[in-house]
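Note that ligands are numbered from 1 as they come in the structure, with each ligand's atoms numbered from 1 the same way.
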Amino acid sequence: MCISRRDGVSGSTNVQGREVLPTNVKPVHYDLTLEPNFEKFTYDGTVTIDLHVNEDTDFISLNTNELKIHDAVVSSNGTVVESKPQISTNKDAQTSTIKFPQALSAGSSAQLKLNFSGILNDNMAGFYRSSYQENGETKYIASTQMEPTDARRAFPCFDEPALKAKFTVTLVADKGMTCLSNMDVASETDVQGGAKKAVKFNTSPLMSTYLVAFIVGHLKYVETNNFRVPVRVYATPDQDIEHGRFSLELAAKTLAFYEKAFDSEFPLPKMDMVAVPDFSAGAMENWGLITYRIVDVLLDEKTAGASRKERIAETVQHELAHQWFGNLVTMDFWDGLWLNEGFATWMSWYSCNVFYPEWKVWQTYVIDNLQSALSLDSLRSSHPIEVPVKRADEINQIFDAISYSKGSSVLRMISKYLGEDVFLQGVRNYIKKHAYGNTETGDLWSALGDASGKPVQSVMDVWTKNVGFPVPKAEPIPPHWRRQARGGSSLYPVMLGLRSKEGIDENTMLTEREKEFKVPDLDFYKLNADHSAIYRTSYSPERLAKLAKAARDGLLTVEDRAGMIADSGALAASGYQKTSGLLSLLQGLDTESEFVVWNEILTRIGGLRAAWLFEDQKTKDALKSFQRALVSAKAHEVGWEFSESDGHILQQLKALMFGAAGLAEDPVVVKAAQDMFARFAAGDISAIHPNIRGSVFTIVLKNGGSKEYEVILDRFRNAPTSDEKTTALRCLGAAEDPELIKRTLDLATSGEVKNQDIYMPLGGLRNHTAGIQARWTWLKENWDEIYKRLPPSLGMLGTVVQLTTASFSTQAQLDEVDAFFKSKDTKGYDRAVSQSLDAIRAKVNWINRDREDVETWLNKNQYLQSKL
Ligand code: BES
Ligand code: ZN
């Protein structure tokens with residue numbers, strides 16, 4: 001029997017239109033036993049779910065996906081009610097319904113016992129297999145990834161974040177294997193006549209299904225006792241487990257720090273962190289058992305660059321923040337995802353800044369999260385932070401820059417407005433009040449409101465409920481700012497943050513559509529001091545010139561300089577300003593000394609060059625000359641020798657300038673790269689410093705051919721760490737020879753590249769037109785295979801679609817991409833398609849608007865003739 005959705009029996013729709021389970025029963029406890037089979041790649045499972053019956057009922061509906069339920073027993077208060085119930089499955093709604101004649105009565109408790117089996121799949125979702133090589137042999141571990149809606153793929157469950165229950169997990173495996181779950185081990189017993197062991201874990205606290213995790217396999221670990229409970233890092237035998245030490249010790253310190261910051265003890269008896277060889281995201285915050293992509297947790301200090309270390313620190317601190325924010329207190333439903341991800345992002349930067357003040361991560365924030373947020377949010381296909389999601393296939397798609405970056409930007413803004421101490425006091429109250437429960441956005445605002453005595457909710461609602469951001473315009477004289485909310489009538493309360501010679505005005509809030517402000521000195525003022533607020537400011541060209549001078553005179557902070565460049569670049573691209581204004585601004589900044597500012601300068605030149613890629617060669621060469629003229633002196637000045645005493649930021653500055661000069665064909669840098677590479681190819685691996693490994697590979701591929709390609713391909717295959725392997729893999733696409741492009745594309749689907757890394761060889765092709773075109777042809781020709789390898793529910797198909805399409809910038813290309821996806825079922829990746837189309841469209845319009853403007857500027861400034 002197939003039960004339709006409208007009769008309210010299975011996969012019903014609630015008042016918000018969400019596809020959720022009926023509320024007739026509620027899970028209280030799961031007793032779950034699983035036995036993976038590494039020969040057949042299947043597993044057998046039994047689950048007994050204790051239920052509270054909310055209303056008289058003769059059915060139980062729960063979530064399942066690609067599971068086979070063999071039999072079911074329904075009991076009530078310990079007595080069997082039905083041992084052969086009718087079981088039906090609704091594939092589309094991902095539910096199974098157990099029907100039985102005798103009704104369960106409201107207020108009673110019931111048990112549902114199910115025997116089932118599932119596939120140990122290779123899709124990195126649910127209970128899945130992950131492989132590694134040992135002595136030339138492929139070996140497997142079994143691991144899980146449940147968030148957002150794949151717990152139902154691992155075992156039958158009530159797979160909604162608000163349906164919290166306790167879990168008692170038992171894993172059955174070979175005696176030599178390590179078994180891990182969220183909790184610590186309660187008992188280990190021999191089963192099957194001593195052939196195997198059953199590892200039973202202690203019962204968890206109340207938790208959501210998406211945080212359940214279990215892992216079975218041959219694993220090694222390192223452990224620290226520097227925290228109240230044991231912390232371990234695990235990895236497969238092919239990895240050097242000593243590379244887990246950095247994350248291990250950082251985790252112990254961070255847990256202690258968070259217990260204080262949140263005034264709440266970490267409630268679990270241990271913290272395990274596992275490097276999983278196949279992993280779709282970067283890391284996953286499963287309570288007490290965090291899983292990671294190898295490169296995001298294992299660090300070889302000797303062969304890794306500064307940015308790799310920073311990424312690992314961020315990832316570890318992000319997932320640990322979730323242990324409270326997300327795991328202990330959980331969003332009510334997925335439209336509150338930003339509460340999880342926005343907060344964990346904010347918290348990881350906050351704690352990174354405490355642990356590594358010399359990294360100055362809040363400066364980086366302005367060119368990182370703030371820009372990702374504003375950039376996605378400027379597209380028509382963006383969405384509000386609080387976004388209604390109804391179906392499973394919509395949920396995966398909102399793990400994006402809005403939830404993470406705009407979400408954390410909103411928190412950064414409010415934390416600055418309230419003060420970080422008051423903000424954290426509100427967070428502590430929120431965690432205390434809602435521990436083991438579920439919340440909505442308003443709960444956070446009211447906790448922050450109570451802690452501060454300020455009207456937080458009314459200030460913040462506009463920011464989380466609307467798409468877009470304001471673009472106040474600073475008119476010349478007298479200065480006044482006009483707010484422009486994109487595509488709506490919503491009035492944003494804009495924290496102006498007016499910087500003048502007298503300091504920063506922290507209090508002025510622009511709440512009207514237009515207002516005049518007095519500034520002490522018309523020669524120097526800037527809005528959005530430190531870019532604490534979420535908006536872009538539009539200045540006239542004259543004002544921009546004054547700001548560039550202010551930058552040179554040391555009147556602006558790093559955040560101000562970087563943010564101003566970003567605003568100017570983005571507003572040129574979207575038509576608020578002329579691109580020539582941006583170019584003049586950048587030209588005046590060649591005395592800049594800071595990494596973060598240079599990074600943004602190069603991002604904006606890079607954006608312009610990428611948009612102009614399909615324009616005529618002369619203009620493209622001129623843009624390249626401009627980049628070279630801008631960066632060469634600085635690159636030569638800082639050099640590309642690295643020393644211990646450089647410090648984190650200087651190392652990154654050197655690496656950045658070296659790469660930028662090399663890619664703009666600075667002959668000295670190209671030669672240096674080729675020399676280093678020659679020594680490297682001859683066996684001296686240390687000839688290339690890890691900080692510039694990627695740049696050197698890219699430069700020599702761009703200026704070379706198959707000889708260089710072979711060496712780098714060999715590095716992908718044989719380098720000792722995942723970090724080095726993937727650096728090589730990311731660079732291969734820089735080779736422009738058609739034969740080599742083909743090899744890069746073939747490699748992507750050869751089986752040699754793990755699905756988790758498929759975007760890396762593809763990404764490398766983005767810098768040349770031949771690569772971009774070949775990549776698109778490859779996608780079209782292999783669509784069915786790619787679709788099968790990366791089912792939309794995984795989320796990676798969207799990434800691949802964006803990668804292979806968003807580099808285009810002509811109307812004809814736009815039409816072609818549009819036509820291709822019109823003929824496809826885009827369920828599960830439709831946001832990626834529309835965001836790509838929007839991004840191409842924006843470039844088409846930008847070029848049409850400013851083609852001449854750019855050419856004229858390049859001509860006037862003698863880059864068009866330049867033969868530098
Ligand atoms: N909860 C996410 C993992 C996740 C991502 C699950 C997408 C399902 C779909 C995790 O906390 C996370 O945000 N991981 C980030 C790392 C972080 C440093 C931003 C990731 O995977 O990139
Ligand atoms: Zn997260």
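Within ligand 1, the atoms closer than 4.0 Å to a non-hydrogen atom of H322 are 11 (O), numbered from 1 in the order shown. Those atoms of ligand 1 that come under 4.0 Å of a heavy atom in E285, given as number and element, are 1 (N), 2 (C), 10 (C), 11 (O).
Between W346 and F343, the ring planes are tilted. Angles from 30° to 60° get that label.
At under 3.5 Å, not a single nitrogen or oxygen of Q145, backbone or side chain, sits near a nitrogen or oxygen of ligand 1. By the 3.5 Å distance cut-off applied to N or O atoms, N396 is not counted among the residues near ligand 1. Looking at Y404 next to ligand 1, an N or O pair under 3.5 Å apart turns up.
Taking 4.0 Å as the cut-off between side-chain N and carboxylate O, D393 and R831 do not count as a salt-bridged pair.
The distance between the ring centers of Y430 and W445 does not fall below 6.0 angstrom. Separation of the F257 and F355 ring centroids falls under the 6.0 Å cut-off.
With a 4.5 Å cut-off on side-chain heavy atoms, H243 and E301 do not count as touching. At least one side-chain heavy atom of I119 sits under 4.5 Å from a side-chain heavy atom of E66. Residues Y128 and D122 have side chains not in contact (no heavy-atom distance under 4.5 Å, counting atoms from C-beta outward).
Using a 4.0 Å cut-off between heavy atoms, R293 makes no contact with ligand 1 at all. Residue-level proximity to ligand 1 for A281 is carried by backbone and side chain together, each with a heavy atom below 4.0 angstrom. Looking at E147 against ligand 1, both its backbone and its side chain come within 4.0 Å, counting heavy atoms.
A donor-acceptor pair is defined here as one N or O able to donate and one able to accept, closer than 3.5 Å; such a pair exists between the side chain of S130 and the backbone of D278.
Nearest non-hydrogen protein atom to atom 7 (C) of ligand 1 is F399 CD2, 3.4 Å. Atom 16 (C) of ligand 1 has E319 OE2, 3.7 Å as its closest protein atom, hydrogens excluded (heavy atom only). Closest to atom 3 (C) of ligand 1, if we only count protein heavy atoms, is A283 O, 3.1 Å.
Summarising the geometry, atom CG belonging to L248 is positioned 12.5 Å from atom CG belonging to L299; distances are rounded to the nearest 0.5 Å. The CH2 atom of W324 lies 5.0 Å from the CG atom of L255; values are rounded to the nearest 0.5 Å. One distance of note links CG of D377 with CD1 of I534; it measures 8.5 Å at 0.5 Å rounding.
Protein N/O/S atoms closer than 2.8 Å to the Zn ion (ligand 2): H318 NE2, H322 NE2, E341 OE1.
The ring pair (Phe, Tyr, Trp, His ring centres under 6.0 Å) search around Y436 returns none, not counting sequence neighbours.
Checking P148, G282, S403 against atom 20 (C) of ligand 1, the nearest heavy atom belongs to G282.
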